[in-house]
K.L.:
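Submitted below is the structure of interest, expressed as structure tokens.
In what follows, every heavy atom counts, from backbone to side chain, and hydrogens, waters and symmetry copies are set aside.
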Amino acid sequence: MKNELVYEVFIPTFKDGLKTGKGNFQGVIEKLTYLKDLGVTRIWLSPFYKSPFKDSGYDVANYYEVNPEFGSLKDLEQLIKKAADLKISIVTDVVFNHTSDQHEWFQKALQGDPKYIGFYIFKDPVNGGVPTNWKSKMGGSTWEFVPQLNKYYLHLFAKEQPDLNWQNHELRQELINVLQFWKNKGIKGFRLDVCNLYDKPTIFEDDNLGDGRRFYTDGANIEQYFKLMNQEVFSKVEDCFTVGEVSSTTKEKSAKYAKKHNQQLDSVFTFLHLKVDYVNNNKWTYAQPDLNIFWKLLKEWQEYYQQQDAELALFMNNHDQPRAVSRFGDSANFWKESATAIFGFTALMRGVPFLYQGEEIGMTNLDLDDLEKFVDVESTGHIPELLDNHSSADVLKILNSKARDNARSVMQWNQQRFAGFTESDQCHQYVNQNFLTINVENQISNPDSILNHYKKLINLRKTLKPLYEGTIEFFESLDYAYKRIYQNEEIWVLTNWTKVPKITELKNAEDHFEVVYNNYQTFDTQTLLPYQLVVLKKVSHEI
């Protein structure tokens with residue numbers, strides 16, 4: 001279970017195999033051997049269900065039908081089979097906190113059908129207005145008024161994404177049926193979107209201290225729901241893998257979800273480490289990451305999850321995050337070094353490593369020059385509020401550093417038109433203009449490329465037992481460094497995430513260790529170069 005490398009494919013921007021100008025299943029099939037060569041064991045597909053695509057497919061209109069823009073159900077079944085032939089399994093993105101407002105259930109609720117009103121969270125007006133003062137994660141209120149019902153419905157995200165009522169038994173059974181359908185299609189993994197938000201409170205009240213999240217996060221019945229899905233579906237899938245996306249949580253609560261014998265989830269995504277450039281916990285601000293806080297958080301959560309025998313997902317990039325090499329590294333001066341240091345240092349920790357498309361070639365943020373060019377629903381939802389308090393230049397700077405748009409440019413395959421993403425005359429996605437220099441074709445035969453460094457690191461992760469089975473220990477006086485230990489085998493991972501040399505004060509390490517990975521040509525045990533990453537394997541038992 002622990003010896004995995006999960007690769008996230010954001011279908012719309014990965015590869016067009018049908019010459020439509022948009023990504024699709026055939027495009028993923030076309031690149032399966034590339035992913036196999038990289039060392040991938042599972043592919044997490046972004047939502048592929050029928051959807052109006054207000055939020056990149058995270059607004060599902062029908063859980064049993066695929067988005068026709070991606071291809072047919074037969075195409076998806078072909079992808080599942082061809083991946084299985086390469087010993088790669090498919091992880092589907094399960095969007096069960098909310099549906100699209102175009103879903104049949106919600107449309108019937110709007111018509112006044114009591115059964116389907118019960119599938120969602122409708123509330124009467126309070127003092128002639130919204131039931132609570134909670135703020136949506138996409139900007140504005142979490143409540144939308146329905147005149148014909150004289151009620152508001154809850155949407156923690158966009159108004160086109162009404163929240164489901166997990167406390168309704170009939171709804172829960174419908175969702176179990178969905179999971180069983182995809183299990184029967186050969187799906188062997190499930191990534192649960194914002195799953196610690198499923199359980200809403202029984203009493204809805206104003207939040208005078210925040211945006212409301214403290215009332216609907218990690219609810220009392222969450223573990224019960226995870227156990228239900230595990231009992232009914234996950235435990236019945238051979239070689240199943242599950243990961244839950246949990247936001248605004250604590251290590252104490254989230255570790256319970258991914259504890260080895262709790263029969264809930266195999267692992268969880270948590271996000272505190274990716275909020276270290278938020279000013280006063282506000283995403284929509286501009287700041288450099290606080291590397292001291294980042295290191296303390298990584299260490300604290302690693303130690304706690306190990307103590308609890310729970311599993312963390314290890315990641316620095318995904319479809320919701322700006323590119324880590326632009327955010328935490330120095331893509332101008334130490335592009336290769338920072339890309340490999342960021343991935344290697346986090347991916348070799350205790351947990352399950354995840355990789356997001358394009359990360360393995362060092363893809364960077366977009367650096368857009370106009371607010372009008374941002375199209376993601378989260379970005380466009382916050383721009384008006386940001387302009388109330390900031391100049392347009394400052395808002396542009398903030399969005400270029402934080403917007404999800406940065407992660408949603410096309411995968412850069414080669415130097416051809418549209419970065420080789422499509423052979424169509426039109427491309428309906430962002431294309432980062434640095435594709436002429438940053439692309440797979442440029443890197444695949446260069447042994448010192450970011451791509452081939454990633455392959456080396458992934459191979460180490462999958463072949464050295466301390467890295468996939470061992471415990472983790474930290475140095476008392478050295479930050480950004482740790483040991484992975486399995487029985488009498490020991491691996492040291494050392495890095496420097498700054499632009500200046502770093503003193504390690506490690507003495508005589510070369511007498512007892514061999515270098516099994518280095519993103520530079522040289523290594524001095526007492527000094528690490530800017531963004532250097534070194535992996536050492538113990539060869540002597542006396543230090």
Side-chain angles (χ1 to χ4, degrees), residues 55 58-59 95-99 101 105-106 109-110 112 114-172 175 192-226 228 244-254 256-257 270-272 275 278 280-284 378 381-382 384-385 388-389:
D55 185 19
Y58 287 91
D59 49 323
V95 188
F96 279 175
N97 178 70
H98 46 261
T99 67
D101 61 353
W105 299 342
F106 192 69
L110 293 181
K115 173 181 174 179
Y116 293 101
I117 286 176
F119 275 25
Y120 295 89
I121 298 169
F122 284 89
K123 294 293 177 184
D124 293 329
V126 174
N127 298 323
V130 294
T132 69
N133 65 351
W134 300 356
K135 297 298 182 186
S136 163
K137 295 177 185 293
M138 300 300 194
S141 172
T142 58
W143 298 100
E144 185 72 11
F145 187 59
V146 181
Q148 67 267 32
L149 299 177
N150 193 33
K151 291 179 183 294
Y152 287 87
Y153 68 84
L154 180 72
H155 60 92
L156 297 182
F157 295 86
K159 63 181 174 59
E160 296 88 356
Q161 296 169 294
D163 278 55
L164 289 165
N165 177 17
W166 269 78
Q167 293 172 19
N168 183 301
H169 172 75
E170 281 187 273
L171 170 75
R172 293 199 301 273
L175 299 178
L192 306 184
D193 184 57
V194 295
C195 59
N196 65 326
L197 309 184
Y198 290 169
D199 191 38
K200 306 307 189 293
T202 53
I203 298 174
F204 285 76
E205 56 188 302
D206 280 350
D207 187 351
N208 296 317
L209 299 176
D211 60 9
R213 69 184 63 194
R214 63 193 178 104
F215 292 127
Y216 59 71
T217 304
D218 297 310
N221 298 310
I222 286 289
E223 291 187 73
Q224 174 188 322
Y225 300 151
F226 294 159
L228 172 69
E245 179 193 35
V246 295
S247 66
S248 303
T249 189
T250 64
K251 61 182 186 297
E252 291 80 10
K253 289 177 180 176
S254 60
K256 291 180 182 178
Y257 310 149
T270 66
F271 295 92
L272 277 180
K275 296 182 178 181
Y278 290 17
N280 297 324
N281 206 33
N282 179 5
K283 172 177 178 173
W284 302 106
E378 186 190 38
H382 281 92
E385 294 178 18
D388 286 342
N389 300 299

K.L.:
For D207, what residues pass the salt bridge (charged side-chain N to carboxylate O under 4.0 Å, His left out) criterion, not counting sequence neighbours?
P.N.:
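D207 satisfies salt bridge (charged side-chain N to carboxylate O under 4.0 Å, His left out) with R214 only.
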K.L.:
Under a 3.5 Å distance rule, please check whether D55 uses its side chain to pair with a backbone N or O of Y58 as donor and acceptor.
P.N.:
no
K.L.:
Are the side chain of W134 and the backbone N or O of E205 linked by a donor-acceptor pair below 3.5 Å?
P.N.:
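Side chain of W134 to backbone of E205: a pair is present.
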K.L.:
Sequence neighbours excluded, which residues qualify as side-chain hydrogen bond (donor to acceptor under 3.5 Å, both in side chains) partners of E245?
P.N.:
R191
K.L.:
Check the angle between the aromatic planes of W166 and F96 and answer parallel, tilted or perpendicular using the 30° and 60° thresholds.
P.N.:
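The arrangement is tilted - the two ring planes meet at 30° to 60°.
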K.L.:
Has N165 got a side-chain atom pairing as donor or acceptor with G118's backbone, closer than 3.5 angstrom?
P.N.:
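Side chain of N165 to backbone of G118, a donor-acceptor pair under 3.5 Å: yes, one is there.
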K.L.:
Measure from the side-chain N and O atoms of D59 to the backbone N and O of Q161, and report whether any donor-acceptor pair falls under 3.5 Å.
P.N.:
no
K.L.:
Distance-only check: which donor-acceptor pairs under 3.5 Å involve side-chain atoms of residues 194-204, not counting sequence neighbours?
P.N.:
from	atom 1	to	atom 2	distance (Å)
N196	OD1	S247	N	3.1
N196	ND2	D218	OD1	3.2
N196	ND2	S247	O	2.9
D199	OD1	Q167	NE2	3.1
D199	OD1	N221	ND2	3.3
D199	OD1	Y225	OH	3.3
D199	OD2	A220	N	3.1
D199	OD2	N221	N	2.9
D199	OD2	N221	ND2	3.4
K200	NZ	N97	OD1	3.0
K200	NZ	D163	OD2	3.1
K200	NZ	L197	O	2.7

K.L.:
According to side-chain hydrogen bond (donor to acceptor under 3.5 Å, both in side chains), who are the partners of D101, at least two apart in sequence or on a separate chain?
P.N.:
none
K.L.:
Please identify each residue that fulfils salt bridge (charged side-chain N to carboxylate O under 4.0 Å, His left out) with K251, with sequence neighbours left out.
P.N.:
E300
K.L.:
Could you pull out all residues at least two apart from K123 that satisfy salt bridge (charged side-chain N to carboxylate O under 4.0 Å, His left out)?
P.N.:
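Per chain and number, K123 pairs via salt bridge (charged side-chain N to carboxylate O under 4.0 Å, His left out) with no residue.
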K.L.:
Run the side-chain hydrogen bond (donor to acceptor under 3.5 Å, both in side chains) test against K275 and tell me which residues pass, sequence neighbours left out.
P.N.:
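Applying side-chain hydrogen bond (donor to acceptor under 3.5 Å, both in side chains) to K275 gives none.
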K.L.:
May I have the step-by-step check of side-chain contact (heavy atoms from CB on, under 4.5 Å) for N133 and N208, ending in yes or no?
P.N.:
CA-CA 8 Å; N133 65 351; N208 296 317; 4.0 Å; yes
K.L.:
Mind checking what makes ring pair (Phe, Tyr, Trp, His ring centres under 6.0 Å) contact with F271, not counting sequence neighbours?
P.N.:
F315
K.L.:
Looking at residues at least two apart in the chain, or sitting in another chain, which of them share a salt bridge (charged side-chain N to carboxylate O under 4.0 Å, His left out) with E170?
P.N.:
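E170 satisfies salt bridge (charged side-chain N to carboxylate O under 4.0 Å, His left out) with K115 once adjacent residues are dropped.
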K.L.:
Could K283 and E378 be called an ion pair, given the rule that one side-chain N must be under 4.0 Å from one carboxylate O?
P.N.:
yes
K.L.:
Can you name the side-chain hydrogen bond (donor to acceptor under 3.5 Å, both in side chains) partners of S248, sequence neighbours left out?
P.N.:
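If we apply the side-chain hydrogen bond (donor to acceptor under 3.5 Å, both in side chains) test to S248, skipping adjacent residues, the hits are R213.
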K.L.:
Enumerate, atom names and distances included, each donor-acceptor pair closer than 3.5 Å involving a side-chain atom of residues 141-152, sequence neighbours excluded.
P.N.:
from	atom 1	to	atom 2	distance (Å)
S141	OG	W143	N	3.0
W143	NE1	T132	OG1	2.7
Q148	NE2	L110	O	3.4
K151	NZ	D124	OD1	2.7

K.L.:
Looking at I117 and F122, what are the two nearest heavy atoms and their distance?
P.N.:
O-CD1, 3.6 Å
K.L.:
Kindly write out the residues that satisfy side-chain contact (heavy atoms from CB on, under 4.5 Å) with L228, not counting sequence neighbours, or none if the list is empty.
P.N.:
R172, I176, E232
